[in-house]
Amino acid sequence: TFSYNCMLQVLIKSRRYGSASEIVQSEMINSASHPPDAYTFSALLSGFCKAGEMDEAVRLFDFVRSRTRVWPNLVLLGILIDGLCKAHRVTEALDYFRQMQDLGLSADIVIYSSLLSGLGKEGRTDDAMELFEAMVARGCTPNVITYNSLIDGLCRSGKIDGAMGILERMVGAGCSPTVVTYTSLVDGLSKTGNVDAASKLMKEMRRRGFVPDVITYNSLMFGLVRESKTDVALGYLSEMMDVGCEPDVITYTAVVDGLCKGGNVDKAIEVLRGMIRKRCSPNVVTYTAVIDGLCKGGRMDEAMVLLSEMLERGCKPNLVTYNSLLHGYCKLGRVDEALEMIEDMGSQGCSINVVTYGAIVDGLCKAGNVSEARKMVSVMQTGSSRIRPDTVIFNTLVDGLCKTGNVGEAVEVLGEMSDAGCKPD
RNA sequence: UGUAGACGUAACGUGC
């Protein structure tokens, strides 16, 4: 069994989940000499989770529970719970958590940390705090990862003071923060428009002997360019190189995108050229950021040139890239060209999503063609892609109708909205 | 101590 497990590990590391699964089924399940054990299933289970095949993962877990002699242990359950959290299925993860005692298991620190991280990413900070207190009350002592998960969740919801409070609490409990702790806080401050506080915190972490890494710098850079502190950001860019913390594609992309969003697209293009000179290859996110900047500035021709450049460099545009272009055409009232773009996407094997339609619907409304926009909302639900309209789509329609004096029809749409299970905001 | 689980960073659509 050990040898088989090692082989499975290798397959799973090379992302050949199907082959791994087949081997377990054909060679192990019915074997007397090398039956699967908890390690076998953990390898498979984490493979499914990493591949995003959560339905398969759940089926496997239930299979192990009901059809095998292997009793699900904390690690197996931990893998499943973490996978569900990462797939934004925290509620189901909590269901498994609550059913643990039926399996004779009691949650450990890893399971709590997964759940805290998942809740935090969903914005459920009150639930996270409650779970944290419950775990402490149960006598489970949080470690640095537990605290970091909680702090990060609070930061994501903009609750920086609360996060600082947890930092104090962890230090008070004798748990030393790490660079990850500080990076969550720096990122939270940057994203809430407090980049000055973010850079202060970075200085403080250094004073306490922690070394910021590229991710810490990237979080800070994001905040700096969002507040148009371009020169300071470029200063930090050289500082990074000086201290041996090489800027990576994410650093440059954050800068490039921030410049674009601040209306400084030409400067962004300079930085794009600069990163290539520094042997850092822009990726699809980098190019899309610049393309979006050009599109928002109505510079469609240049955007299309950049699109061909990225193709030449072997970088494949994705859904977001096309959505940016399509939005650009819509904003210029060139809805026909936007619709052509949808065709192109199909032929490129690129799917479309609710954002694609959001841009089209808005384009039609703003072009004064609100009735066509309403039709489009029905089309999107019936086509082969079957996309559910969301709040943004309905808001766009309501706005379009109101601005053309059709308030009655807008109220009608409000009704369709709740029929679609979509809440007005 | 023969094999398994948890934490931080970048791009797209709506109103004023």
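What you are looking at is a predicted structure, and each value in this text was computed from that prediction instead of being measured. Chain naming here is simple, since letters A, B, ... match the order of the sequence lines and numbering starts at 1 in each.
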Residue pair I81(A) / A93(A): nearest heavy atoms and the distance that separates them: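 Shortest heavy-atom separation between I81(A) and A93(A) comes out as O-CB, 3.8 Å.
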Under the 3.5 Å Watson-Crick or G-U criterion, the dot-bracket string of RNA chain B, with | for inter-strand pairs: ................
Under 4.0 Å, heavy atoms only, any strand: does F222(A) hit a base, just the sugar-phosphate, or nothing? sugar-phosphate
What's I111(A) touching, base or sugar-phosphate or nothing? Going by heavy atoms closer than 4.0 Å. base
Should R156(A) be listed as having a side-chain N or O under 4.0 Å from OP1 or OP2 of C7(B)? no
Reckon T253(A) touches a base, only the sugar-phosphate, or nothing at all at heavy-atom distances under 4.0 Å? base
For R206(A), is the CZ atom crowded, meaning more than 12 foreign heavy atoms sit under 6.0 Å from it? yes
Aromatic contact, Y112(A) with F132(A) (centres under 6.0 Å):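 No, the ring of Y112(A) stays outside the 6.0 Å limit from the ring of F132(A), centre to centre.
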Round to the nearest Å and state the distance from L154(A) atom CG to C7(B) atom C1'. 13 Å
Checking T183(A) against T216(A): is there a side-chain donor and acceptor pair closer than 3.5 Å? yes
Take atom CG of L84(A) and atom C1' of G5(B), then tell me their distance rounded to the nearest Å. 13 Å
Please assess F61(A) against Y96(A) for the test ring-ring contact (aromatic ring centres under 6.0 Å, His included), listing each intermediate value before the final yes or no. CA-CA 11 Å; F61(A) 186 83; Y96(A) 278 98; 5.7 Å; yes
Reckon I360(A) touches a base, only the sugar-phosphate, or nothing at all at heavy-atom distances under 4.0 Å? nothing
Less than 6.0 angstrom separating the ring centers of Y182(A) and F210(A), yes or no?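 Judged by ring-centre distance (under 6.0 Å), Y182(A) and F210(A) do meet the cut-off.
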Between C7(B), A4(B), C12(B), which nucleotide gets closest to the side-chain atoms of K121(A)?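 Of all the options, the side chain of K121(A) is nearest to C7(B).
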Within the structure, does a side-chain N or O atom of K366(A) lie under 4.0 Å from either OP1 or OP2 of G15(B)? yes
So R59(A) and D62(A), salt bridge (charged side-chain N to carboxylate O under 4.0 Å, His left out) or not? Walk me through it. CA-CA 5 Å; R59(A) 268 180 37 198; D62(A) 291 339; over 6 Å; no
N395(A) side chain reached by M417(A) side chain, heavy atoms, under 4.5 Å: yes
When you measure only distances, ignoring hydrogens and angles, does the side chain of D108(A) come within 3.5 Å of the base of A6(B) through a donor and an acceptor? no
Could you state the CZ-C1' distance from F61(A) to G5(B), rounded to the nearest angstrom? 12 Å
Write down the distance between CG (D187(A)) and C1' (U9(B)), rounded to a whole number of angstrom. 6 Å
Looking at G5(B), U14(B), C12(B), which one has an atom nearest to any side-chain atom of N395(A)?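 Among the listed nucleotides, the one closest to the side chain of N395(A) is U14(B).
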Winner on side-chain proximity to V355(A), out of C12(B), G5(B), A11(B), is C12(B)
Under 4.0 Å between a side-chain N/O of K86(A) and OP1 or OP2 of G5(B), yes or no?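 Answer is no, no contact under 4.0 Å.
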So what does V398(A) hit on the nucleic acid, given a heavy-atom distance under 4.0 Å: a base, only sugar-phosphate, or nothing?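 No contact.
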Below the 4.0 Å mark, does C12(B) have OP1 or OP2 next to a side-chain nitrogen or oxygen of K261(A)? yes
Between D390(A) (CG) and C12(B) (C1'), how many Å, whole number?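 So the two atoms are 13 Å apart, to the nearest Å.
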Mind checking if I215(A) touches a base, just sugar-phosphate, or nothing, with heavy atoms under 4.0 Å? base
Examine the base of G5(B) for any acceptor or donor lying under 3.5 Å from a partner atom in the side chain of S114(A), and report the outcome as yes or no.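 Donor-acceptor pair under 3.5 Å: no.
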Let's see if you can work this out: which of G8(B), G15(B), A11(B) has an atom nearest to the side-chain heavy atoms of D152(A)?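 Of all the options, the side chain of D152(A) is nearest to G8(B).
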For a quick check of understanding: with a heavy-atom distance under 4.0 Å over all strands, which category does V354(A) fall into, base, sugar-phosphate or nothing?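 Result for V354(A) = base.
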Between K191(A) and U9(B), does any side-chain N or O lie under 4.0 Å from OP1 or OP2? no
Using whole Å, report how far CD1 of I166(A) lies from P of G8(B). 17 Å
Check E56(A) with K50(A), please: is the shortest side-chain N to carboxylate O separation under 4.0 Å? no
Using only modelled atom types and a 3.5 angstrom limit, is any donor from either the side chain of N73(A) or the base of A4(B) paired with an acceptor on the other? yes
Check this for me: does the side-chain of S113(A) come within 3.5 Å of the base of A6(B) through a donor and an acceptor? yes
Select one nucleotide: of A11(B), U9(B), G13(B), the one nearest the side-chain heavy atoms of I250(A).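 Nearest to the side-chain atoms of I250(A), counting from C-beta on, is U9(B).
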Whole angstrom is fine here: how far is it from CG in N143(A) over to C1' in A6(B)?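 Roughly 8 Å, once rounded to whole Å.
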At less than 3.5 Å, do the side-chain atoms of S184(A) and the base atoms of G8(B) form a donor-acceptor pair? no
Side-chain heavy-atom pair L189(A), V195(A) within 4.5 angstrom cut-off: no
Does L8(A) reach a base, just sugar-phosphate, or nothing at all? Heavy atoms under 4.0 Å. nothing
Pick base, sugar-phosphate or nothing for N5(A), based on heavy-atom distances below 4.0 Å to the nucleic acid. base
CG of L105(A) to CE of M100(A), rounded to nearest 0.5 Å, is 5.0 Å
From U14(B), A4(B), A10(B), pick the nucleotide closest to the side chain of K331(A)?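 Minimum distance to the K331(A) side chain belongs to U14(B).
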Can you find a donor-acceptor pair, distance only, under 3.5 Å between N353(A) side chain and G13(B) base? no
Using a cut-off of less than 4.0 Å, is there contact between a side-chain N or O of K296(A) and OP1 or OP2 of G13(B)?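 For G13(B), OP1/OP2 do have a side-chain N/O of K296(A) under 4.0 Å.
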Need one value for T1(A): base, sugar-phosphate or nothing, where a base atom within 4.0 Å counts as base even if backbone is also close, heavy atoms only. nothing
Is R226(A) close enough to U9(B) that one of its side-chain N or O atoms is under 4.0 Å from OP1 or OP2 there? no
Between the base of G8(B) and the side chain of N218(A), is there a donor-acceptor distance below 3.5 Å?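 Per atom types, no contact qualifies.
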If you check every side-chain atom of D257(A), which of A10(B), G8(B), U14(B) has the closest atom? A10(B)
For L185(A) and G8(B), give me the distance from atom CG to atom P, rounded to whole Å.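 Nearest whole value for this atom pair: 13 Å.
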V320(A), nearest nucleotide to its side chain (from A6(B), C12(B), A4(B)):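 Side chain of V320(A) sits closest to C12(B).
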